[in-house]
S.K.: 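Below is one structure. I have some questions about it.
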Amino acid sequence: MNIADILIDHAFCEQKAATKCITLIVKYPDCDFLVDTLSPVVTEEWGHFQAVLKEMKKRDIQLTHKRKDEYVTQLDKCKRGDGTRYDQLMEDCLVFALIEARSAERFKLLSEHISDQTLSKFYHELMIAEALHYRNFIEIAEQYNPKEKVRRRWEELLVQEAEIMKNLEVREDRFH
Ligand SMILES: [Fe+2]
Ligand SMILES: [Fe+2]
């Protein structure tokens with residue numbers, strides 16, 4: 001496992017998480033619950049970005065180019081473009097919830113298997129944070145849509161995601 005590639009990829013995942021939360025706030029500024037829930041998440045994700053940079057500096061690793069995230073690109077294509085504004089909000093939130101949930105799973109695996117003790121502890125803390133973000137996005141979706149509708153769409157997205165995963169190249173240097 002190449003720790004430099006993992007950390008660089010991870011740094012950009014945190015940057016994208018912060019950027020996407022800001023995008024959602026700008027897209028749905030009138031949705032108080034969304035704005036109130038995601039504002040602190042932006043700060044948290046940017047804190048994660050800074051924490052990854054710190055770990056990189058300690059190891060003399062330079063932040064290089066950002067790669068295209070095929071998993072996220074494909075998931076974004078699953079979003080339905082029809083329906084009401086709150087339907088759109090649900091699509092946005094459920095895709096983010098999925099990305100956060102998978103990040104939490106990946107951090108769990110990394111924390112359990114990485115030999116570097118500092119990074120193991122770091123990834124354990126991140127696992128907890130990203131699992132909470134997953135809950136945040138589900139709660140926002142449920143705030144503006146009936147719970148049953150959110151649950152049904154979640155089940156559909158899991159099936160769509162499984163299809164995406166079947167066709168994705170498996171790489172050990174990436175988060176997704
Ligand atoms: Fe994060
Ligand atoms: Fe997150």
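Residue numbers run from 1 in the order of the sequence given. First listed ligand is number 1; within each ligand, the first listed atom is number 1. Everything numeric here is computed off the predicted structure, so don't read it as measured data.
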S.K.: Rounded to 10 degrees, what angle sits at the Fe ion (ligand 2) between H133 ND1 and E100 OE2?
M.R.: 110°
S.K.: Report yes or no: does E14 have an N/O/S atom closer than 2.8 Å to the Fe ion (ligand 2)?
M.R.: no
S.K.: Does E130 bring an N, O or S atom to within less than 2.8 Å of the Fe ion (ligand 1)?
M.R.: yes
S.K.: Is the F107-H10 ring centre distance short of 6.0 angstrom?
M.R.: yes
S.K.: Is it the case that the side chains of Y71 and E161 hold a donor-acceptor pair, with the cut-off being a distance below 3.5 Å and no angle test?
M.R.: yes
S.K.: Taking 4.0 angstrom as the limit, do K108 and E130 come out as a salt bridge?
M.R.: no
S.K.: Take atom NZ of K121 as the centre, draw a 6.0 Å sphere, and report whether it contains more than 12 heavy atoms from other residues, nucleotides or ligands.
M.R.: no
S.K.: Could you tell me whether K27 atom NZ has more than 12 heavy atoms of other residues or ligands within 6.0 Å of it?
M.R.: yes
S.K.: With a cut-off of 2.8 Å, does H48 put an N/O/S atom close enough to the Fe ion (ligand 2)?
M.R.: no
S.K.: Taking both backbone and side-chain atoms into account, decide whether E45 has an N/O/S atom under 2.8 Å from the Fe ion (ligand 2).
M.R.: yes
